[in-house]
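Inspection log for the structure reproduced underneath, given as structure tokens.
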Amino acid sequence: MNNFFMLLLRYCKKLVFSGVRDTHDSEARRKIFLINIFVFVAIISLVVLGITAFIQHAPYLGNADLFIAFTLLSLLFYLRYSGNQVFCSYMVASLMNVFYCYLFFTGGVSSTAFMWLYTYPVLALFLLGLFGGSLATLLLFLFSLGFLIFDLSSQVINVYDVDFAIRYIPSFMIVFALTFFFERSRAGAHEALVQKQEASTHLVYKLQRKEKQLELAQDKLEQRVFERTAELLEMNKKLKAEIEERKKAEQERSRLETELSRAQKMEVLGRLAGGVAHDLNNVLSGIVSYPDLLLIDLPAESPLRGPLKIIKKSGERAAAIVQDLLALARRGVMVKKLITLNDILKEYFQSPEYTRLCSIHPGITMEQHLNKHLQVLEGSPVHLQKAIMNLVVNAFEAVESIGRVVVTTENRRLDTLVTGYENIEKGNYVVLKIQDSGMGMSREVLDKIFEPFFTKKQMGRSGTGLGMTVVWGTIKDHGGYLDIESSPGKGTTISVFFPVASQDTLTYQVETAENKQLDHGAGQSVLIVDDEVEQREIGVSILERLGYRTWAVSSGEEAVEFIKKQPVDLVLLDMIMPSGMDGLDSYRKIIMVNPGQKAVIVSGYSESDRVRDALELGIGAYLKKPYTIEQVSRVINEELTR
């Protein structure tokens, strides 16, 4: 039962608000509400009255009731689907006006239809407002008043009497007046309410504008906070970057100071080594060169050949030590050629020095991992082998008793700057890595291992303090870099980066390879220029034995004067002559006298730029002291036939 009433209530609510749209205001909704209720009640009433009229044998009235009921039903459907309440209001008021006029004209059943007319002012004023409702009501009243006058004065129509007219006219006017005042009061109240709503709406609008302005201000404030925060973050980032740059600059300054200190030490040592090497080379020339002359004259079965070879070999070893001094000072001129690092390593591993090293340290295992496709580099085999020997010896001596040493070679390409023990530039490198399982080194030791005369070994027995310094100088002479990883108790790994040789590498020095077959002259004239008497005597003896006509002078000035008087085929020119002009200046004067003069520079010590200038000026070759008879014969023959 409750469900039935709930369902009925829902359908009644739906029927009452049929035709309402979201765009309708409260006044339009009220009129639609009134139209729906009035029309619905009117349809039911008209159907009942129509049926009643038919029962009471009043067919015209019954048809009129049903027709108006059908018309109102059609209007109800139109309102539901269109929502046009203005048109429907006028249609309802007009239809009811016509219908009430018809009812008043006919009098209805027992002349009671006039009672419906009292409802019209309410309907008209509610639907059409004060002006429209009053006008419609006035039309209905004028019609009823006119009909009453006609009815009372006519003898034919006799629907109403005088008593009815006296009662009807004032009662209708009273109903109209009450309805008018009520509607005016309601309309005034509605107008006031509308004004208040508009005022409230305006206030809400202003509040909304203020709220939007507040939101906009808040957004601007948030944007300013965001921008300021971003600026602060950017400034903080720049400050951090500046601090990092300053740290890097400080580290770079410290590194440069360390390198400067090391360079200054090397410069002092270089001056000492250079002076000593120059004097030693002059002394060693007799020890190395005279045995060659004696061996040429001695028969093969002579017992003196063995001692002479020992003397020559000792002199050559002493000369190699002198070259180490020059390499240490990085002031020697190295003979470079295209080589493979694996070949240097294999040659060292087959040397007596390496065999002796392994016998001294039997508990150490050597592992070799050599890349079979190693790229070619440009270097001096003698100096590289000496550096490799020093590195391997240090690795063996770092292992106390039992351990291992690993030697690895590989190709490596660096696309960016690598920061390690020193900064390694990007490029293609041949890398030599020597790793040991020894005691390792602290940071303090790492900072000093390349300093001259620094050693942790017992001086005079296993170390002189120059081995790693020679390694450093050799690597730098080859344009290479070093990286060291070591810590106490964890062993040491030394990586050496040698730049790969370019395809267009040219050497300006003559390779003085050993050649046992002598190249004899055919009476060509040679002038020896050297400030040392012993050097002049040795040179004259060797060259005359080789078949050259030889003269010797003690200075560059004498050489210039000699050539002015007697031109020669070749000048053997000492580079360093303390008194007077050196070899480069002497050659400049000589070619002014005899342009195109062939010459060979001879020295055991020379500044690299001076040698390079001499070679670019036209000197054909460089011959280092002390030289053997095979070396000088080959160099002179190549220069004369050039």
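None of the values given here were measured: they were computed from a predicted structure.
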Q: I would like to know whether Asp574 and Glu532 meet side chain to side chain contact (heavy atoms under 4.5 Å, CB included); could you show each step before the answer?
A: CA-CA 10 Å; Asp574 188 18; Glu532 295 287 340; 5.9 Å; no
Of all residues at least two apart in sequence or in a different chain, which pass the side-chain hydrogen bond (donor to acceptor under 3.5 Å, both in side chains) check with [X]?
X	value
Arg356	none
Asp483	none
Thr493	none
Glu616	none

Any side-chain heavy atom of [X] within less than 4.5 Å of one from [Y]?
X	Y	result
Val526	Val568	no
His383	Asp477	no
Val602	Asp530	no
Glu638	Arg634	yes
Val471	Asn394	no
Leu546	Ile636	no
Val430	Val376	no
Met389	Ser351	no

Q | Leu623/Gln631 under side chain to side chain contact (heavy atoms under 4.5 Å, CB included): CA gap, chis, key distance, verdict | A | CA-CA 8 Å; Leu623 183 62; Gln631 293 171 339; 4.2 Å; yes
Residues two or more places apart in sequence or in another chain: which of them pass ring pair (Phe, Tyr, Trp, His ring centres under 6.0 Å) with [X]?
X	answer
Tyr481	none
Tyr548	none
Phe498	none

Starting at [atom1] of [X], measure out to [atom2] of [Y] and round the result to the nearest 0.5 Å.
X	Y	atom1	atom2	answer
His369	Asn371	NE2	CG	12.5 Å
Asp613	Leu584	CG	CG	6.0 Å
Ser437	Ile364	OG	CD1	7.5 Å
Arg549	Gln524	CZ	CD	8.5 Å
Ile494	Met441	CD1	CE	5.5 Å
Leu370	Phe349	CG	CZ	7.0 Å

[X] versus [Y], closest heavy-atom pair with distance:
X	Y	answer
Ser486	Thr492	OG-OG1, 2.8 Å
Leu417	Ile424	CD1-O, 3.2 Å
His520	Arg545	ND1-O, 4.1 Å
Ser525	Trp551	CB-CZ3, 3.4 Å
Ile360	Pro362	O-CD, 3.2 Å
Leu573	Ser586	CD1-CB, 4.1 Å

Q.
Keeping Asn342 on the side-chain end and Lys372 on the backbone end, is there a donor-acceptor pair under 3.5 Å?
A.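 Between the backbone of Lys372 and the side chain of Asn342 there is no qualifying donor-acceptor contact (under 3.5 Å).
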**Q.** Side chain Ser555, main chain Glu558, donor-acceptor under 3.5 Å
**A.**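 Yes, Ser555 side chain to Glu558 backbone: donor-acceptor pair under 3.5 Å.
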Q. Charged N to carboxylate O under 4.0 angstrom, Asp585 versus Arg588?
A. yes
Q.
Taking the basic N atoms (NZ, or NE/NH1/NH2) and the acidic carboxylate oxygens, is any pair closer than 4.0 Å for Lys247 and Glu250?
A.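 No salt bridge links Lys247 with Glu250.
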Q: Among Leu338, Thr340, Leu384, find the one that has a side-chain contact (heavy atoms from CB on, under 4.5 Å) with Leu377.
A: Leu384
Q.
Does atom NE2 (His373) have a neighbourhood of more than 12 heavy atoms from anything else shown, all under 6.0 Å?
A.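 No - once you tally the heavy atoms of other residues, nucleotides and ligands closer than 6.0 Å, there are 12 at most.
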Q. Do other residues, nucleotides or ligands put more than 12 heavy atoms under 6.0 Å from Glu400 CD?
A. no
(Q) Between Asn411 and Val500, is the side chain to side chain contact (heavy atoms under 4.5 Å, CB included) condition met? List the steps. (A) CA-CA 9 Å; Asn411 299 314; Val500 174; 5.6 Å; no
Mind checking salt bridge (charged side-chain N to carboxylate O under 4.0 Å, His left out) for [X] and listing every partner two or more places apart, or none if nothing turns up?
X	answer
Glu252	Arg255
Glu244	none
Lys564	Glu561

Q: Given side chain to side chain contact (heavy atoms under 4.5 Å, CB included), test Thr365 with Ile402 step by step and report yes or no.
A: CA-CA 8 Å; Thr365 303; Ile402 299 176; over 6 Å; no
Q) What pairs meet the salt bridge (Lys or Arg N to Asp or Glu O under 4.0 Å) rule with one or both residues in residues 405-429, with sequence neighbours excluded? A)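 Matches after skipping sequence neighbours: Glu410-Arg412, Arg413-Asp415, Glu422-Lys476.
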Q: Please work out whether the ring planes of His361 and Phe396 are parallel, tilted or perpendicular, with thresholds of 30° and 60°.
A: tilted
Q | Selection residues 589-600 - residue pairs positive for side-chain hydrogen bond (donor to acceptor under 3.5 Å, both in side chains), sequence neighbours left out | A | Asn594-Gln597
Q: Quick one: do Arg253 and Glu257 satisfy salt bridge (Lys or Arg N to Asp or Glu O under 4.0 Å)? Show the steps, please.
A: CA-CA 6 Å; Arg253 185 181 67 83; Glu257 288 178 352; 2.4 Å; yes
